[in-house]
J.: 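Quick one: structure below, then a few questions.
All chains are named by letter (A, B, ...) in the order of the sequence lines, taking the proteins before the strands, and each is independently numbered beginning at 1. Because the structure is a prediction, the values reported are computed rather than measured.
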2 protein chains.
Amino acid sequence: MSTAEATILLVDDHSVVREGYRSVLQKQPGLRVIAEAADGAEAYRLYKSEAPDLVIMDLSLPGIGGIEAVRRIRQWDKAARILVFTMHENAGFAVQAIRAGARGYVTKTSPPETLVRAVKDVLAGKIAISPDIDHELALSRISGESSAADVLTPREFEVLRLLLAENTTEQIAETLHVSPKTVANLHSLIKDKLGVGSDIELVRLALRQGLLTEV
Amino acid sequence: MSTAEATILLVDDHSVVREGYRSVLQKQPGLRVIAEAADGAEAYRLYKSEAPDLVIMDLSLPGIGGIEAVRRIRQWDKAARILVFTMHENAGFAVQAIRAGARGYVTKTSPPETLVRAVKDVLAGKIAISPDIDHELALSRISGESSAADVLTPREFEVLRLLLAENTTEQIAETLHVSPKTVANLHSLIKDKLGVGSDIELVRLALRQGLLTEV
DNA sequence: GCAACGTCGTGAAATTTTCCCGGCGTTCGT
DNA sequence: ACGAACGCCGGGAAAATTTCACGACGTTGC
């Protein structure tokens with residue numbers, strides 16, 4: 001990788017977007033795109049056959065998602081260098097991606113220079129995180145990143161689960177044999193503990209943390 | 001437009017993705033990208049100052065969404081030609097976009113040729129829809145299912161989108177330049193029209209219909 | 001021109017959310 | 001054994017939100 005060109009595998013389900021990566025990366029000497037994949041399975045296959053020095057991977061992919069693709073590639077090659085490049089400006093996703101084995105996380109809103117820098121950093125063995133995500137991670141670290149199951153008592157967690165299951169306050173009260181007032185109080189307390197202001201945010205938080213799977 | 005080059009305004013909040021459009025379109029004779037915008041407001045401003053022959057517009061934009069941007073541009077110039085190019089493979093979005101005044105709807109999973117063809121079709125005055133969305137529209141027509149996009153007015157749909165984007169009533173009111181009371185009224189009306197009793201059900205419905213993608 | 005509809009907003013009632021409170025039982029460290 | 005801390009349950013009242021009824025305005029379509 002140091003003497004010759006660094007080879008790159010692009011993974012994104014949008015062909016025009018891959019064209020964008022290509023266009024940006026081609027301007028950099030020492031980088032060469034040798035393959036492209038439109039989904040996770042194809043990325044895995046191509047990684048094994050082409051052995052690129054770096055993978056640039058989107059997260060929202062058909063079939064197995066990007067995170068799972070990262071995990072599989074890393075399972076096959078512990079030294080694989082994978083840079084996640086995604087639209088999700090979300091610290092939670094970044095944590096998951098890095099834990100799955102990614103060596104970098106850059107958002108698509110970043111300017112091309114940020115992507116190029118991240119590519120070089122990862123090739124040099126560093127971990128690359130784009131500034132916006134760095135910032136968000138710092139914020140969540142400071143404010144204590146309310147991780148649902150963690151800050152909630154068992155009872156609160158149960159109520160949250162039922163709330164997400166589309167039950168009304170009255171139905172939950174009956175299920176739990178308590179007063180609707182208690183459920184309402186818990187509902188309010190849950191939102192407070194999780195630091196969300198509305199039910200909509202609550203559902204989204206639950207989705208992020210995998211509390212709500214089937215839609 | 002027929003004799004000289006056709007001028008194009010690109011709207012997408014991801015710079016690398018704009019680079020992709022550019023790269024694909026540059027290969028076509030007779031097309032020239034003259035401006036780029038990263039959000040709806042900037043798109044509106046640039047449309048007025050640059051008067052491009054065609055706008056290629058993403059839907060998920062910061063601030064006012066793509067649909068609203070389409071509406072405003074068309075309000076200013078009834079003859080504006082706008083081609084929506086988005087990741088949302090969802091017939092509901094397509095319906096809303098066309099109703100708002102877009103002349104085409106192409107998904108980002110489409111091959112570059114499809115985008116190029118759509119650009120030429122829209123410039124020639126036709127309505128361009130990518131095959132996958134055509135198919136989905138046909139299916140929904142057959143099964144006769146009423147999606148959120150069908151029963152909601154454009155304005156209601158826009159408010160729904162903003163609600164799902166974790167905005168508060170006040171923020172939405174400010175974004176749309178209306179009274180918070182109006183937003184609250186619409187919020188209530190939306191829940192009524194969609195037959196849901198709570199915000200939690202609302203989010204779940206939106207998820208089922210693919211209106212909510214980024215978590 | 002008129003009817004129908006979308007949009008925006010007000011006001012008042014109905015409901016929900018939130019906050020503060022106390023009681024009860026359990027756990028835990030001293 | 002004892003107090004302190006905490007989880008759990010709910011009442012009461014204030015605060016905020018939701019809902020409903022209603023009217024105004026512009027546009028569209030017949």
J.: Show each protein N/O and nucleotides 4-7 of chain D N/O combination with a separation under 3.5 Å, one pair to a line.
T.:
none

J.: Should A/Arg22 and A/Glu36 count as an ion pair when the cut-off is N to O under 4.0 Å?
T.: yes
J.: With DNA chain C as reference, determine whether B/Thr182 or A/His187 sits nearer its 5' end, using the nearest nucleotide of each.
T.: B/Thr182
J.: Between B/Asp39 and B/Glu42, is there a donor-acceptor pair closer than 3.5 Å when you use the side chain of the first and the backbone of the second?
T.: yes
J.: Report each atom pair, protein N/O against N/O of nucleotides 20-28 of chain D, whose distance is under 3.5 angstrom.
T.:
unit_1, atom_1, unit_2, atom_2, d
D/dC20, N4, B/Asn185, OD1, 3.1

J.: Please report, rounded to the nearest Å, how far the P atom of D/dT18 is from the CD1 atom of B/Ile172.
T.: 11 Å
J.: Send over the distance from B/Ile190 CD1 to D/dT19 P, rounded to a whole Å.
T.: 11 Å
J.: Run the side-chain hydrogen bond (donor to acceptor under 3.5 Å, both in side chains) test against B/Lys108 and tell me which residues pass, sequence neighbours left out.
T.: B/Asp12
J.: Could you state the NZ-P distance from B/Lys191 to C/dT15, rounded to the nearest angstrom?
T.: 14 Å
J.: Report the distance from atom CG of A/Leu186 to atom C1' of C/dC19, rounded to the nearest whole Å.
T.: 14 Å
J.: Calculate the interatomic distance between A/Asp199 atom CG and D/dT17 atom P; express it in whole Å.
T.: 13 Å
J.: Between B/Thr109 and A/Asp13, does a side-chain hydrogen bond (donor to acceptor under 3.5 Å, both in side chains) hold up when you go through it step by step?
T.: CA-CA 6 Å; B/Thr109 49; A/Asp13 57 332; over 6 Å; no
J.: For A/Ser179, report the nucleic acid contact type (base, sugar-phosphate, nothing); a contact means any heavy atom under 4.0 Å.
T.: sugar-phosphate
J.: For the pair B/Arg204 and B/Glu201, find out whether any cationic side-chain nitrogen is under 4.0 Å from an anionic carboxylate oxygen.
T.: no
J.: Any non-hydrogen side-chain atom of B/Leu54 less than 4.5 Å from a side-chain atom of B/Val122?
T.: yes
J.: Starting at atom CG of B/Leu189, determine the distance to atom C1' of C/dC8, rounded to an integer number of angstrom.
T.: 12 Å
J.: Is there a side-chain contact between A/Arg103 and A/Leu83 (heavy atoms, below 4.5 Å)?
T.: no
J.: Please name all residues satisfying salt bridge (charged side-chain N to carboxylate O under 4.0 Å, His left out) with B/Lys27, sequence neighbours left out, ordered by chain then number.
T.: A/Glu19
J.: According to side chain to side chain donor-acceptor pair (under 3.5 Å), does anything in residues 118-131 of chain B pair up with another residue at least two apart or in another chain? List the pairs.
T.: B/Gln28-B/Lys120, B/Arg117-B/Asp121, B/Ser130-B/Asp132
J.: Five pairs at each end of the helix from C/dG1-D/dC30 to C/dT30-D/dA1: take the axis at both ends and give me the angle between them to 10°.
T.: 40°
J.: Are B/Phe85 and B/Tyr21 near enough that their ring centres are under 6.0 Å apart?
T.: yes
J.: Consider only side-chain N and O atoms of B/His14 and B/Asp58, and report whether a donor and an acceptor are under 3.5 Å apart.
T.: no
